[in-house]
Amino acid sequence: ELPPILSTMKCFRMMNLQASRSFGRSILTTSHNNLLRKCCLRPMLSTLSSTSYDPSKVRNVAIIAHVDHGKTTLMDKLLAHCGTKFNSSMERAMDSNEHEKERGITITSKYTRLYYKDYSLHVVDTPGHADFGGEVERILSMVDGVVLLVDATEGPMSQTKFVLGKALAAQKKAIVVLNKIDRDGHRAEEVESEIMELFFALSNNEDLVDYPLLYASARQGYVCKLLGDVPGKEGVVPLLDTILDHIPPPNSDVVLQEPFALSVNTIQSDSHLGRIVTGKVERGQVAVGDKIKVLSREGLSVGPEGKVTKLFFMEGLKRVDVERAFAGEIVSLAGCEGGVGHTVCSPERQDPVATLPISPPVISMTFGPNDSPLQGQEGTKLTSSLIKDRLRKEVENNVTLSLRPSADSESIDVQGRGELQIGILVETLRREGFEMVVSPPRVLAVTGEDGVSREPFEEVVVDVDPDLQGVVIESMSNRKGTLLEFKDIGNRSRLIFHAPSRGLMGFRHEITNATRGNATVNSIFSHYDTVNLSSFSGLKKAKLVSMESGKTTGYALTAVEERGVLFVGVGEDVYEGMVIGENSKAGDLDVNPCKAKRLTNMRTTGAEEKVALSPPKRMTVEEVIAYMNDDEVLEITPKSVRLRKRILDSNARARYAKSSKLQSK
């Protein structure tokens, strides 16, 4: 049975707009909004003028947290409560990226529009990994407050401190939610104190440190205002009510009368519409057919004037076209060639919208065309121009990546936040059919006014079982890390270090193997300081390097395996200079993995012996990136990931090493 309001709303379409302004948007966002939107209300909504739009009924909020503290799971519950329909077996509905689904992490920020009571909520789901912290930084200009999610057992972690610090620096009000409160052994009371200390350490603004505290189990789908109310019976209603009460509306009515301006936050491409830009309307209003132009951060015009060809919101998981959007709303539009950080505005506007600064990258890697003996056999995109064009397209939307010219004209330097971020970029290009070689990561140092070069240091947090503390401390000591704090968290120990980023290359991979997956490692940029480069010479692993080209044989690998750990199996293509394993002793060792057993017409007792080799060690792209030595490069193809020496010929490699030693003296 249709609600009584439906007949009224049908008549509403035929009324004169001037006579209907008194209804406002509140009618369109009642508890029947899902049914009404399926009928004919969206056309009416899009034709409302600025006098019928009420900015006090809009809330823009981002969900921020450390990795794996439950942001996307909570987002699923908000979507379901506000009427979004999706498969009940689907988890992390907002994680649509292929890598996000495979890895179970959020990589890019995504927003959606929800309706609750008579309010419109624009909610942004953000990444929690430190390598993607730039996604959080750039969306803070779109929202007016944040929901800080904290694991009730782990407490505030390194990324918690980072994202909260950025939010408070941008003067964004926060709502704190202690998640996973349904777990046995949670430390809710202790974590509350830790969060309070963190707030006071990051800000002295009384309005910002006065935050509401909620308790939740995102997986169970409830939020409570009091710890004694767990488990809650109202679902996520307490959180939605707190957002309405605590997060301020985006702006006042005065802003609606100013010329239109939208700050571009993300871009995407559509085969029919061309480039689509998404951002928050900061000033005025915009309608389909309006003339627009693009301003750079410096206020310079970018390209010719255009016209808005399409406007739409993301409602739940669907795209809904509209005819008009107002200041305070997050909207996507087509019809211009704006980039991230640009301002899309009306032609009469001269000043761009101010954007928040983004933290600089900390590592750099060189991308170039594949020049190995096996080049061109697996990929379809091989040339340097194709690689460079694809990377330029990537940095248009990813503000934390930047490109710099390389010493080699065929290559280009990519600067980013960490191994995982660049590793995912490499994996993406690989799946698109690219073949390329990638250099080892290089730490980006800064030179101060005193002329001294300083490198980035990171705060490293390691959670491990108490009996494995010594393994972690020894490994971090070898990497010139300094132990800052030690404490027990339930039945686990937490060790907090300061360590140079240079020394952390490969640390996660090493400590995961040493503790058999028991340790959890998180790190985030801390500060810049001086580093003694000679202190890290002992961290490089010795390698087993092929001295022949061909296919590996079981006979040869049986002898090679005695020297260390193999990276290849029987029957795989190798070539001279390719790394096929790790040497158990110091120094690289040239080996022949292609040697075949000599055939004779004599029968021997060992002729029919079965070759039994250990399974080869396979590493992910980001693990190999952290594992590489300075004289190596990573060969990437759609089907293979091969580590090889930069100089393939063993004799030329020896001559180069000798000359390098003489020059150093």
Side-chain angles (χ1 to χ4, degrees), residues 21 23-29 33 42 44-63 78 82 109-126 138-147 167 170-175 240 242-266 277-288 290 292 308 311-315 320-333 338 342-346 349 351-356:
R21 287 175 178 171
F23 281 90
R25 280 199 172 188
S26 60
I27 287 183
L28 307 182
T29 53
N33 55 58
R42 177 54 62 189
M44 292 186 300
L45 178 62
S46 63
T47 57
L48 292 175
S49 67
S50 59
T51 57
S52 56
Y53 166 70
D54 186 358
S56 67
K57 298 296 184 180
V58 177
R59 296 292 185 273
N60 299 323
V61 64
I63 303 178
L78 294 175
C82 294
S109 298
K110 291 170 284 291
Y111 92 97
T112 189
R113 182 184 179 101
L114 305 176
Y115 295 97
Y116 176 66
K117 295 183 177 178
D118 56 346
Y119 287 80
S120 298
L121 308 180
H122 298 103
V123 187
V124 185
D125 183 25
T126 65
R138 73 174 182 175
I139 63 93
L140 286 176
S141 60
M142 287 204 308
V143 300
D144 304 293
V146 297
V147 174
Q171 304 298 305
K172 308 297 181 182
K173 284 194 169 185
I175 298 170
L240 292 169
T242 305
I243 290 175
L244 301 186
D245 296 338
H246 188 70
I247 304 300
N251 46 49
S252 63
D253 293 332
V254 178
V255 177
L256 292 172
Q257 312 307 320
E258 298 183 17
F260 163 69
L262 176 144
S263 178
V264 179
N265 184 265
T266 60
V277 302
T278 300
K280 177 184 175 183
V281 181
E282 300 286 352
R283 300 286 188 273
Q285 55 183 292
V286 63
V288 174
D290 285 356
I292 53 174
V308 178
L311 280 173
F312 62 86
F313 295 132
M314 288 300 301
E315 291 190 0
V320 178
D321 295 342
V322 295
E323 294 295 324
R324 188 176 296 274
F326 301 94
E329 295 184 306
I330 298 175
V331 68
S332 300
L333 66 84
H342 290 168
T343 298
V344 179
C345 58
S346 56
R349 192 174 186 91
D351 299 325
V353 176
T355 57
L356 297 175

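Bear in mind the structure is a predicted one, so any value in this text is a computation, not a measurement. Every heavy atom of this structure was used, including side-chain atoms; hydrogens, water molecules and symmetry mates were not.
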Pairing donors with acceptors under 3.5 angstrom, does anything connect the side chains of R113 and Y115?
yes
Between V58 and G328, the two heavy atoms sitting closest are CG1-O, 3.8 Å
Would you check if F312 and V320 make a side-chain contact, meaning some heavy-atom pair closer than 4.5 Å?
no
Give the C-alpha distance, both sets of side-chain angles, the deciding distance and a yes or no for side chain to side chain contact (heavy atoms under 4.5 Å, CB included) between V147 and I243.
CA-CA 8 Å; V147 174; I243 290 175; 4.3 Å; yes
Give, for atom CZ of R59 and atom NE2 of H122, the distance between the pair rounded to the nearest 0.5 Å.
12.0 Å
Within the 4.5 Å heavy-atom criterion, are L262 and I292 side-chain neighbours or not?
no
Specify the closest pair of heavy atoms between V308 and A287, including all atoms of both residues, with the distance to one decimal.
CB-O, 3.7 Å
Interatomic spacing from CD in Q257 to CZ in R283 - rounded to 0.5 Å:
13.0 Å
Euclidean distance, F260 CZ relative to F326 CZ, rounded to 0.5 Å:
12.0 Å
Give the intermediate values and the outcome of side chain to side chain contact (heavy atoms under 4.5 Å, CB included) for residues R324 and Q285.
CA-CA 7 Å; R324 188 176 296 274; Q285 55 183 292; 2.8 Å; yes
Closest approach of H246 to I175 (non-hydrogen atoms, all atoms of both residues):
CD2-CG1, 3.8 Å
Determine the minimum heavy-atom distance between L140 and A167, stating which atoms define it.
CD1-N, 3.8 Å
Look only at the side chain of K110 and the backbone of T126, and say whether a donor-acceptor pair between them is shorter than 3.5 Å.
no
Let me confirm one number: the SG-CG distance from C345 to D290, rounded to the nearest 0.5 Å.
12.0 Å
Working for side chain to side chain contact (heavy atoms under 4.5 Å, CB included), residues I330 and T278
CA-CA 7 Å; I330 298 175; T278 300; 4.3 Å; yes
Ionic contact status for K280 with D144, cut-off 4.0 Å:
yes
Side-chain contact test, heavy atoms from C-beta onward, threshold under 4.5 Å: evaluate it for V124 versus V61 and give yes or no.
no
Inter-residue atom distance L114.CG - L240.CG, 0.5 Å rounding:
8.0 Å
Grab the two heavy atoms, one from V288 and one from L311, that are nearest each other, plus how far apart they are.
N-CD1, 3.9 Å
Please step through side chain to side chain contact (heavy atoms under 4.5 Å, CB included) for the pair S109 and I139, ending with a clear verdict.
CA-CA 8 Å; S109 298; I139 63 93; 3.7 Å; yes
Distance col, row T112:OG1 vs F313:CZ, nearest 0.5 angstrom, shows 11.5 Å
If you look at every heavy atom in R138 and T266, which pair is closest and at what distance?
NH2-CG2, 3.4 Å
